[in-house]
Number of protein chains: 2
Amino acid sequence: MSRTYDDLALVFRALAHPVRLHILDLLRGGEICVCQIEAALGKRQAYISQQLMVLREAGLVETRKEGLQVFYRLVSPLAETLLASALGERPVPVPLFCSDSRLPAAVAEANVSGGKRL
Amino acid sequence: MSRTYDDLALVFRALAHPVRLHILDLLRGGEICVCQIEAALGKRQAYISQQLMVLREAGLVETRKEGLQVFYRLVSPLAETLLASALGERPVPVPLFCSDSRLPAAVAEANVSGGKRL
DNA sequence: AATCTATATTCAGGATATTGAATATAAGGG
DNA sequence: CCCTTATATTCAATATCCTGAATATAGATT
């Protein structure tokens, strides 16, 4: 658990970008797919994908494919802790209109978009 | 308490450098002067001063002059929290060979040399 | 197979960060 | 004053990051 300053600097560097911070903040609520990130941020898809690549290479997130969609999730306890310190504790994400536990995507979407559809 | 992602990114960027992280880690033990940082890191003075300038401009540290020496201290609660998360809680700094409270420098130095990381 | 949809990659430019070298300032002591 | 010590700043070269544009891939659908 005793990382070098170099290792830690790499983590901080990955966090040192407003768009990446925004993405990570969304991921704190649980796994979501790229299209949802794209919708939440209102940026071009390719741009989002570039930032996601940075987060992937820094080891902060991992992916899961489901058909055409790719779901991202936080996998770095350190990053989660740092985000909690920087952004505040996030209330437990409670699905607003859908409680089907077989559909993490739908649940996440409901929370991301503020409970739009479904 | 609700900072923008841009504001937070600036803080993370200041932390995203191994030498600056090392300096900040030293400062967690309390106020120390530049010469001590220089000794602890074994880098050129001008280089240390450059990194300190970055930390100053990011609002993470402030200085106090005492004769020829300049003492630096952490002034950002957020940065302190992030450092604690990344580096672990620091034990209360107990001076090893000197308990003279008029000499924060000596106290800090004792902790610096006793708390090697990396 | 052709095509659509979701996501990823490559490329290039400009912007910014890094860091060594040299120099500048500021304060204390003789 | 001059000198020494402690620290800061400037300059320049290189490296890295940022981001738009274009393109590529992989899976689903017809």
Side-chain angles (χ1 to χ4, degrees), chain A residues 5-6 8-24 26-27 31-58 60-73 104-106 108-109 112-113, chain B residues 5-6 8-24 26-27 31-58 60-73 103-106 108-109 112:
Chain A
Y5 293 119
D6 289 87
L8 290 174
L10 292 178
V11 175
F12 280 116
R13 184 178 298 278
L15 292 168
H17 189 289
V19 168
R20 292 197 291 271
L21 275 179
H22 197 163
I23 292 173
L24 291 168
L26 294 175
L27 293 179
E31 181 185 70
I32 57 178
C33 90
V34 176
C35 64
Q36 297 172 307
I37 298 173
E38 196 181 332
L41 270 66
K43 307 269 185 182
R44 294 174 309 110
Q45 175 272 320
Y47 182 60
I48 300 290
S49 191
Q50 283 173 328
Q51 302 301 340
L52 287 171
M53 177 165 46
V54 174
L55 296 176
R56 248 164 28 227
E57 288 173 348
L60 268 51
V61 301
E62 283 182 2
T63 63
R64 177 179 67 83
K65 284 195 174 181
E66 189 176 313
L68 277 179
Q69 302 187 323
V70 176
F71 290 82
Y72 278 77
R73 65 181 182 283
E109 179 170 30
V112 165
S113 60
Chain B
Y5 294 120
D6 289 86
L8 292 173
L10 291 178
V11 175
F12 280 116
R13 205 167 59 191
L15 293 168
H17 190 290
V19 168
R20 292 197 292 271
L21 275 179
H22 197 164
I23 293 173
L24 291 168
L26 295 175
L27 293 180
E31 181 186 71
I32 57 178
C33 91
V34 177
C35 64
Q36 297 171 307
I37 299 173
E38 195 181 333
L41 269 67
K43 307 269 184 182
R44 293 175 309 111
Q45 175 272 320
Y47 181 61
I48 300 290
S49 191
Q50 284 172 329
Q51 302 301 339
L52 287 171
M53 177 167 43
V54 174
L55 296 175
R56 252 168 20 230
E57 289 174 347
L60 268 51
V61 300
E62 283 182 3
T63 63
R64 177 180 67 83
K65 284 195 175 181
E66 190 175 313
L68 277 180
Q69 301 187 323
V70 177
F71 291 82
Y72 278 76
R73 64 180 183 283
L103 296 173
E109 179 168 31
V112 165

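Throughout, protein chains are lettered first and strands after them, A, B, ... in sequence-line order, and every chain is numbered starting at 1. None of these values were measured; they are calculated from a predicted model.
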Contact summary for [X] and [Y], nearest pair of heavy atoms:
X	Y	result
A:L60	A:A14	CD2-CB, 3.9 Å
B:V19	B:K43	CG2-CE, 4.2 Å
B:A16	A:R13	O-NH2, 3.3 Å
B:L21	A:A9	CD1-N, 3.5 Å
B:R73	B:T63	NH1-O, 3.5 Å

ask   = Can you name the side chain to side chain contact (heavy atoms under 4.5 Å, CB included) partners of B:R44, sequence neighbours left out?
value = B:A46, B:Y47
key: Distance-only donor-acceptor test, A:Q45 side-chain atoms vs C:dA8 base atoms, 3.5 Å   = yes
Of the options [options], whose atoms approach the side-chain atoms of [X] most closely?
X	options	value
B:R44	C:dA21, D:dT7, D:dA8	C:dA21
B:L52	D:dA8, C:dT7, D:dT19	D:dA8
B:L68	C:dT7, C:dA26, D:dT7	C:dA26
B:Y47	C:dA8, C:dT19, D:dT7	C:dT19

message = Among B:R56, B:Q36, B:E62, B:R64, exactly one meets side-chain hydrogen bond (donor to acceptor under 3.5 Å, both in side chains) together with B:Y72. Which residue is that?
response = B:R56
Nearest whole Å is fine: how far is [N] [atom2] from [X] [atom1]?
X	N	atom1	atom2	result
A:K43	C:dA8	NZ	C1'	19 Å
B:Q69	C:dG29	CD	P	12 Å
A:L15	D:dC17	CG	P	14 Å

query = Between B:T63 and A:V19, who's closer to the 5' end of DNA chain D by nearest nucleotide?
reply = B:T63
ask   = Taking for each residue the nucleotide of DNA chain D bearing the nearest heavy atom, is the 5' side occupied by B:Y72 or by A:V54?
value = B:Y72
request  = Can you measure from NE2 (B:H17) to NE2 (B:H22) and round to the nearest 0.5 angstrom?
outcome  = 13.0 Å
message = If you apply the rule side-chain contact (heavy atoms from CB on, under 4.5 Å), what do you find for A:V61 with A:I23, and how did you get there?
response = CA-CA 10 Å; A:V61 301; A:I23 292 173; over 6 Å; no
Review item, nucleotides 10-14 of chain D N/O atoms under 3.5 Å of protein N/O:
from   : atom 1 : to    : atom 2 : distance (Å)
D:dT10 : O4     : B:Q50 : NE2    : 3.0

Show me the protein contacts with nucleotides 12-17 of chain C, counting only N or O atoms at under 3.5 Å.
from   : atom 1 : to    : atom 2 : distance (Å)
C:dA17 : OP1    : B:R13 : NE     : 3.4
C:dA17 : OP1    : B:R13 : NH2    : 3.2

